[in-house]
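The structure appears right after this line, and notes come after that.
What you see is a predicted model, and the numbers here were worked out from it, not measured in a lab.
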Amino acid sequence: MGFLSDFLLCLPGLGLLGLCLIPNGRPQIRAYTETWLDRAVLKQLDTVLKVQNWRCTPLDLLAKASAATVSIEGYLIGLPLLFLCGFEDEACLLATALFLTTHVSCALKDLLCGPRPAHACQHAAASKQELKDSKPAVKVMEAARDIEFGCPSMHVALVLVMNGYAVHLLLQYAHADQFPGAFSFYVLEMVQAAAMAWVGVIAWGRLYLGVHSPVDLGLGAVVGMALLSLWVVVGQTWLAYIKMSPWAFGLHFLGCVWLMAAYPEPPIHTSSYTFTNVFCGAELGVAGPLSAAFWVSPIPRLIQQVVQAAPPQAIVIMSRMAAGADQTWLLYRLAGGVTAVLLARSLSKAVLVPLLPALLRCIPSRIRAAWQPPVSVEYTSIGEWKQRKAPPPDASAEPKKEQRKRPSDLRKERKHAATAAQSEPLDMGTHDSDLKLDSSKFRDGGVLLNLNGYPWDADVVRRVCSYFCAVASLVVYVRSLQFAAAMTASSKGQVLPGAEAFGGSRVREETNVEEKF
């Protein structure tokens, strides 16, 4: 029964992953879900408007602050800090869950093509659908940096997975009594209630900010619960396999490449694929140095040689930072880790931006054109795509309007004529202006180029490698501190206070510690 229950828990998450991987049938799925989602969002505009009617300054701040906690910046800051505090396994598990949730949510966005509330209002106006005169337009109160489809809500899926898995880890600590006296029954109940309450705040904030409708939140909750159940069952087993087998990380890397290559191509260019690139690189940067393949590589030996060549005073400082005996040295360790991440991020970007296009030019264009990132340059806004898909006005209704000659009918006719005469596409996005582009100008021998003329495939590789280097540098930094602590303890014949538990690995006075490096 245990195996059967685990399989049933994993089945929804595996089904969603399979839906993102299967290339055949995507046009049929999109043709069905697109119309249904358009109608569903239009019917639910009243709910969004009712939530926005309670607008006030404190609620504005709450909605924007809650949304900031579920963002790329928030997670890319929080997870490294968790790693620096010694919770390496937990940071790796959360980073992988973050990547899976982001990938599935973004892939479903570009597969289903569900509109956001503001897009649905303008699409209805463009296709001459009748809306109630008393219904105002949905106001988007979130600063627009990217163009994305709405369904499912990635914020809801992420907060469900991250909060749910964090609570799962806390319950494991409580049952194993790893922190005696830290987790009482009431504390655990309060933590679970706070985690679920925060999920509700995030969902309410997405409606309040006017960026999602209830159907987006519902599907986001389904995605979050499915992937949370999957990762609760297989997360610990996956991590143990990564640490034990030298071949496990290679298979994991190939799986990530397969996910990125099978990503569904959207009808317009969106920023969803960029998010998956970022989190894929960050996840590989955490899982790689924790894997068994890292310890059989020459990198640990190189770290050992660098630390041994350092001055004695530097080794003492590094050992104290690794031990974290007091808050001052803990802050020094955190500051050094953040600095290492920022430096690696900047240096890798500066090196990879000019280097990757030059390297990729060595590959024939026909081979590069065999697979290009799932980006589209045919349309540059959701508005242009929706406008071209909108049905033309009914010609049989025009004579009746001319016979009536009502002022409202004349205004509608002038509006129809102005819309038809526009050379610019109707912008249903949140950007001020989007130019109609000729896709042939953004191809170089079958290789897609972005608006700056930079190859898209090089941009994808750059993002993944840049974030991999940034996060991997953090792991190398921690390993250097651990080895310095091991050297100091070995020379004194004792263990420094706090160094034994730092980083999830025991620092002993025997020379066996050096063998691990």
Side-chain angles (χ1 to χ4, degrees), residues 80 83-84 86-89 91-92 95 239-254 281-324 332-333 336-345 347-348 351-352 355 464-496 498-517:
F83 192 95
L84 285 170
F87 299 95
E88 296 184 3
D89 293 350
C92 182
L239 182 60
Y241 183 61
I242 283 287
K243 287 186 172 183
M244 291 176 57
S245 174
W247 303 99
F249 180 73
L251 296 176
H252 176 69
F253 175 77
L254 293 177
E283 191 274 334
L284 291 174
V286 177
L290 290 182
S291 65
F294 174 80
W295 299 108
V296 299
S297 68
I299 298 178
R301 181 62 58 183
L302 179 61
I303 295 175
Q304 177 184 1
Q305 294 176 356
V306 171
V307 174
Q308 289 177 344
Q313 295 83 357
I315 296 178
V316 172
I317 292 175
M318 292 173 65
S319 63
R320 291 180 180 177
M321 291 170 63
Y332 288 160
R333 184 174 69 201
V338 173
T339 303
V341 170
L342 295 178
L343 286 177
R345 171 84 170 83
L347 291 175
S348 61
V351 172
L352 293 174
L355 180 62
V464 174
C465 293
S466 179
Y467 282 91
F468 172 82
C469 294
V471 179
S473 67
L474 176 66
V475 183
V476 172
Y477 166 77
V478 172
R479 292 289 180 263
S480 302
L481 297 183
Q482 289 175 352
F483 185 77
M487 286 182 58
T488 305
S490 178
S491 62
K492 294 183 178 180
Q494 60 183 358
V495 178
L496 290 178
E500 184 178 11
F502 174 69
S505 61
R506 301 210 173 258
V507 180
R508 297 181 294 272
E509 58 183 346
E510 298 90 13
T511 57
N512 293 335
V513 178
E514 297 185 8
E515 295 179 359
K516 191 176 182 182
F517 289 88

Q.
Please find the pair of heavy atoms, one from Ala344 and one from Ala470, that lie closest to each other, and give the distance.
A. CB-CA, 3.9 Å
(Q) If I compare all heavy atoms of Leu239 with all of Asp89, which pair ends up nearest, and what's the gap? (A) CD2-CB, 3.6 Å
Which pairs would a plain distance check flag for residues 282-290, meaning a side-chain donor or acceptor within less than 3.5 Å of a matching protein atom at least two apart in sequence or in another chain?
residue	atom	partner	partner atom	Å
Glu283	OE1	His252	NE2	3.0
Glu283	OE2	Thr96	OG1	2.9
Glu283	OE2	His252	NE2	2.8

Q: Spell out, as yes or no, whether a donor-acceptor pair under 3.5 Å connects the side chain of Arg479 to the backbone of Pro300.
A: no
Q) Within a strict 4.5 Å, meaning less than it, do heavy atoms of the Tyr477 and Val341 side chains meet? A) no
**Q.** CD-CZ distance between Gln304 and Phe483, expressed to the nearest 0.5 angstrom
**A.** 3.5 Å
Q | Interatomic distance, Leu474 atom CG to Leu342 atom CG [nearest 0.5 angstrom] | A | 10.5 Å
Q. Hey, what do you get for CG (Leu355) to OG (Ser348), rounding to the nearest 0.5 Å?
A. 11.5 Å
Q: To the nearest 0.5 Å, tell me how far Ser291 OG sits from Phe253 CZ.
A: 12.5 Å
Q: Take Glu88 and Val478 through the test side-chain contact (heavy atoms from CB on, under 4.5 Å) and record every step on the way to the result.
A: CA-CA 10 Å; Glu88 296 184 3; Val478 172; 3.7 Å; yes
Q: Provide the closest heavy-atom pair for Cys465 versus Leu352 in the form atom of the first, atom of the second, distance.
A: CB-CD1, 3.6 Å
Q) Donor-acceptor pair, Ser245 side chain versus Tyr241 backbone, under 3.5 Å? A) no
Q) Roughly how far apart are Gln482 CD and Ile303 CD1, rounded to 0.5 Å? A) 9.5 Å
Q. Can you name the nearest heavy-atom pair linking Leu84 to Val338, along with the distance?
A. CD1-N, 4.3 Å
Q. Taking atom SG of Cys92 and atom CZ of Phe87, what is their separation to the nearest 0.5 Å?
A. 15.0 Å
(Q) I'd like to check Ser480 versus Met318 (side-chain heavy atoms, cut-off strictly below 4.5 Å). Are they in contact? (A) yes
Q: Kindly give the heavy-atom pair with the smallest separation between Ala292 and Pro246, and that separation in Å.
A: CB-N, 3.9 Å
